[in-house]
Structure formats: structure tokens, C-alpha cells
Amino acid sequence: MLSILVAGAVSLFVTLLGTPVLIKVLIKHQYGQFIRQDGPTAHLTKRGTPTMGGLVIIFATLAGYFVGNLATGRGPNASGLLVLFLMTGLGLIGFLDDFSKIRHKQSLGLTPWAKILGQAIVGILFAVLAVQFRDDANRMPASFRISTVRDTQIDLAFAGVGIGIVLFVIWANFLITAWSNAVNLTDGLDGLATGASMIAFGAYTIITIWQMGQVCESVLNPAPGCYDVRDPRDLAIVCAAIVGACFGFLWWNTSPAQIFMGDTGSLALGGAFAGLSIFTHTEFLAVIIGGLFLVEVLSDVIQVGSFKLTKKRVFRMAPLHHHFELKGWKEVTVTVRFWIIEIVFVVIALGLFYAEWLARQ
């Protein structure tokens with residue numbers, strides 16, 4: 001537990017103290033956000049606010065993770081390093097997107113295909129490495145089985161390991177692309193994505209700590225309800241580090257935001273969320289844990305689909321948080337109420353997670 005607490009504390013202080021330093025650097029170089037013209041008019045006042053704050057979130061998470069491991073004299077494990085690789089890799093794609101916006105002085109950065117290609121390269125490398133590195137109990141960081149609260153009987157390697165790897169790479173990349181873009185869509189109001197991410201990763205901190213205490217020590221004689229997860233302690237350290245990083249960043253990102261995380265942060269956080277869902281074997285439970293992100297994506301899909309089919313809009317504007325803004329809700333009101341919705345989703349998910357464990361006792 002010491003390493004988990006240290007990781008969270010270190011990342012918290014890095015973002016709390018490091019973010020204002022980054023703000024000064026970004027202002028000096030005039031690296032400010034460009035606001036889309038078709039968005040809520042109230043957002044036009046945010047033009048020029050420093051962006052790419054995700055850089056400090058990524059750095060703080062890395063610092064928290066490695067210092068947390070050093071605090072107990074243990075080395076890092078494959079699972080934690082791979083999640084951080086995914087987080088950093090997608091953060092790099094987001095950074096290129098943010099920098100392109102600043103360089104060309106517009107709200108559009110990389111082309112959609114360039115963004116997808118970058119995500120695919122990082123995602124494929126992650127997925128291939130995720131089914132390597134077996135431990136003494138023959139566990140890989142990832143599993144070929146589709147998971148809900150734990151692995152199900154649906155095995156992607158039903159036709160052999162080779163086919164299993166191909167199907168797993170496709171499945172993993174779908175999750176990575178879906179979650180990274182979901183967090184990216186949610187990042188539209190001051191503090192919204194930061195706070196929601198802190199809540200979601202807080203849930204994963206609880207889950208990984210629980211799995212750490214209930215891990216299957218022996219595959220030959222496993223305890224009832226144990227979790228066949230590799231490196232749950234390492235994953236808990238990653239989760240705590242991300243929670244701490246988001247907590248500290250929120251001090252500067254809350255309304256009125258002095259800095260935005262940008263695609264640098266949202267893609268990184270979404271990627272980490274996808275990686276944790278795969279490594280904790282909770283891929284479908286993640287749909288509830290990240291319920292707010294899913295709602296935001298669905299609102300965008302419904303809006304686009306409705307307009308293409310009927311030429312009518314369901315919402316005043318998508319994603320959903322903009323709809324309530326245009327209805328007259330204050331930005332802070334929308335943000336806090338959406339945080340409450342995310343907390344409800346997390347409580348439901350943790351209840352299902354614990355109820356499934358109790359059913360096996």
C-alpha cells in the first residue's frame with residue numbers, strides 16, 4: 001500500500017506545483033487554444049488559454065509510478081510499463097494534434113486519418129506486447145478472453161494462438177480508439193474531463209487494490225473468487241498516480257481554466273483507461289465505470305445520425321454538455337452535475353464488481 005500512496009502523492013504534487021510552470025512557458029511561447037467558431041459563443045472568451053496541459057499529467061504519472069516503486073524497493077512490472085507506454089504514445093499523438101492547431105492558428109489539428117493512423121500504430125504495438133511477458137504462473141498482462149467483471153468463456157484464440165493474436169489486436173485497438181476518443185469528446189468544459197477521469201481512475205484504483213489482495217497465487221489450486229490478473233499491484237500504482245495527477249491538475253483546470261489538457265491529455269487518459277480495462281479483465285465493466293464518457297459519445301452519434309437521416313437535430317448541440325450549456329445552464333453547473341453522474345456510474349460498477357465476487361464465495 002505504501003507504494004500506491006506514494007505514487008498518488010508524488011503525482012499530485014508534481015501537477016499541483018508543475019502546472020503553473022508549464023502555464024508560464026506556454027504563455028511565453030503563445031501556445032494558446034483556438035476555439036471552434038460553431039461552438040457556444042461563451043467559449044470564445046477562452047481563446048488563447050494555454051493548452052497541452054496533458055504534458056504535465058503524463059509526466060506526473062510517470063514520476064509517481066517510478067517513485068512509488070522505488071519507495072518499496074521493487075522494480076516495475078510489465079503491466080504497469082505497458083499501460084504507461086500506451087498512455088505516453090497516445091499523448092504524443094495528442095501533442096502533435098495540439099501543436100498543429102497552434103502552428104496553423106485554427107481549431108483543427110491533424111487530419112482524422114492521420115490521428116487514426118497514429119492511434120493504430122501505438123495500439124498495435126501495445127496489443128502485441130500485451131500478450132508477451134509471461135510470469136511464473138504463465139500469466140500474460142492481457143488475456144485472449146473477452147472479459148466482463150473477469151474473463152468469460154469467449155476465447156479469441158479458439159482457432160489457435162496466431163488467430164487469437166490477430167483478433168486480440170483488433171479488439172484491443174477498438175477499445176483504445178473508442179475510449180481515447182470518448183475522453184477527448186468529453187473534454188469540452190473547464191474541469192469536466194479531468195474530474196470525470198479522476199473519478200473513473202479512482203474506481204480502478206479500488207478494483208486493482210482488491211484484485212491485489214485476491215489474486216490467484218496458484219493456477220493449480222486457486223482460491224474461490226480469486227482474480228487471474230498479472231501485476232495488480234503495479235496497475236494499482238499506475239491508477240493512483242493518474243488520480244493524483246488529475247487531482248493536482250484540476251486545481252488549475254477548474255473553471256475558469258488557466259490551462260487546458262488538450263488532446264495531449266485526453267487521448268493519453270483515454271488510452272490508459274482502455275489499457276487498464278484490458279489488463280484488469282474488466283472490458284465490459286469499463287462501459288459502466290466510464291459511463292459518462294459513453295453518454296457523451298452516444299449523444300454525438302445520435303446527433304450526427306439523426307441529422308443525416310432526417311435533417312433534424314436531437315440536441316441543441318453535441319456532445320451532450322454543450323446541449324445543456326445552450327439550454328442556459330452555467331458551465332460550472334454542467335460540470336459538477338456531470339461529475340455526479342459519473343460518480344453514480346462508478347458506484348454501480350463497483351457494486352457489480354463486488355457482488356460478482358460475493359457470488360463466488
Side-chain angles (χ1 to χ4, degrees), residues 1-12 61-62 64-87 130 133-143 145 147-151 197-247 272-286 288-290 346-347 349-361:
M1 284 296 293
L2 176 62
S3 56
I4 298 170
L5 294 173
V6 169
V10 168
S11 60
L12 167 63
T61 301
L62 293 171
Y65 173 78
F66 286 108
V67 173
N69 270 299
L70 288 174
T72 52
R74 298 183 182 182
N77 294 112
S79 298
L81 291 174
L82 283 172
V83 172
L84 293 177
F85 163 76
L86 181 59
M87 181 181 187
F133 307 108
R134 294 181 182 272
D135 63 6
D136 294 338
N138 203 38
R139 301 187 190 96
M140 303 178 294
S143 167
R145 295 185 182 275
S147 60
T148 51
V149 176
R150 64 177 76 233
D151 280 343
S197 296
M198 184 175 67
I199 296 164
F201 284 104
Y204 265 123
T205 305
I206 295 171
I207 287 172
T208 49
I209 290 174
W210 183 259
Q211 289 181 334
M212 181 175 66
Q214 305 290 332
V215 68
C216 299
E217 293 297 338
S218 171
V219 295
L220 298 177
N221 187 29
C226 70
Y227 298 93
D228 195 21
V229 174
R230 174 174 173 161
D231 310 323
R233 171 190 162 276
D234 216 43
L235 295 175
I237 295 173
V238 172
C239 292
I242 295 175
V243 171
C246 289
F247 199 12
F273 188 83
L276 285 166
S277 75
I278 293 169
F279 285 177
T280 57
H281 304 180
T282 56
E283 293 155 354
F284 280 102
L285 185 67
I288 303 176
I289 296 174
V346 160
V347 169
L350 291 177
L352 291 173
F353 179 80
Y354 184 61
E356 189 275 343
W357 179 82
L358 282 178
R360 289 175 175 266
Q361 301 309 302

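The analysis underlying the following values was restricted to heavy atoms, covering all of them including side chains, and did not include hydrogens, waters or symmetry mates. Here the structure is a predicted model, which is why all the values come from computation and not from measurement.
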Kindly list each side-chain donor-acceptor pair under 3.5 angstrom involving residues 73-80, sequence neighbours excluded, with atom names and distances?
unit_1	atom_1	unit_2	atom_2	d
S79	OG	R230	O	3.4
S79	OG	D231	OD2	2.8

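A distance of 12.5 Å separates CD1 in I237 from CD1 in I242, rounded to the nearest 0.5 Å. Between F279 atom CZ and L82 atom CG the span is 4.5 Å, to the nearest 0.5 Å. Rounded to the nearest 0.5 angstrom, T208 OG1 and D234 CG are separated by 10.0 Å.
The environment of CZ in F353 is crowded: more than 12 heavy-atom neighbours from other residues, nucleotides or ligands sit within 6.0 Å.
The shortest distance between side-chain heavy atoms of M212 and I4 falls below 4.5 Å. At least one side-chain heavy atom of R233 sits less than 4.5 Å from a side-chain heavy atom of N69. Within the 4.5 Å cutoff, the side chain of V238 has no heavy atoms near those of the F201 side chain. Proximity of V10 to F66: side-chain heavy atoms (C-beta onward) are nowhere separated by under 4.5 Å. Within the 4.5 Å cutoff, the side chain of I289 has heavy atoms near those of the F273 side chain. When side chains are defined from C-beta on, R360 does not count as touching P224, because their heavy atoms never get closer than 4.5 Å.
Using modelled atom types, no side-chain atom of Q214 and backbone atom of Y227 make a donor-acceptor pair closer than 3.5 Å. Counting only distance, with no hydrogens or angles, the side chain of S11 and the backbone of T61 share no donor-acceptor pair below 3.5 Å. Judged purely by atom type and a 3.5 angstrom limit, Q211 uses its side chain to pair as donor or acceptor with the backbone of T280.
In terms of heavy atoms, V346 sits closest to A200 at CG2-CA, 4.3 Å. Contact detail for A71 and L2: the closest heavy-atom pair is O-CD2, 4.2 Å. When all heavy atoms are compared, the tightest approach of C246 to S197 is SG-CB, 4.1 Å.
For R150, the side chain to side chain donor-acceptor pair (under 3.5 Å) partners two or more places apart in sequence, or in a different chain, are E356.
A side-chain donor from one of T282 and Y204 sits under 3.5 Å from a side-chain acceptor of the other.
The side chain to side chain contact (heavy atoms under 4.5 Å, CB included) test with I209 is passed by exactly one of T205, I206, I207: T205.
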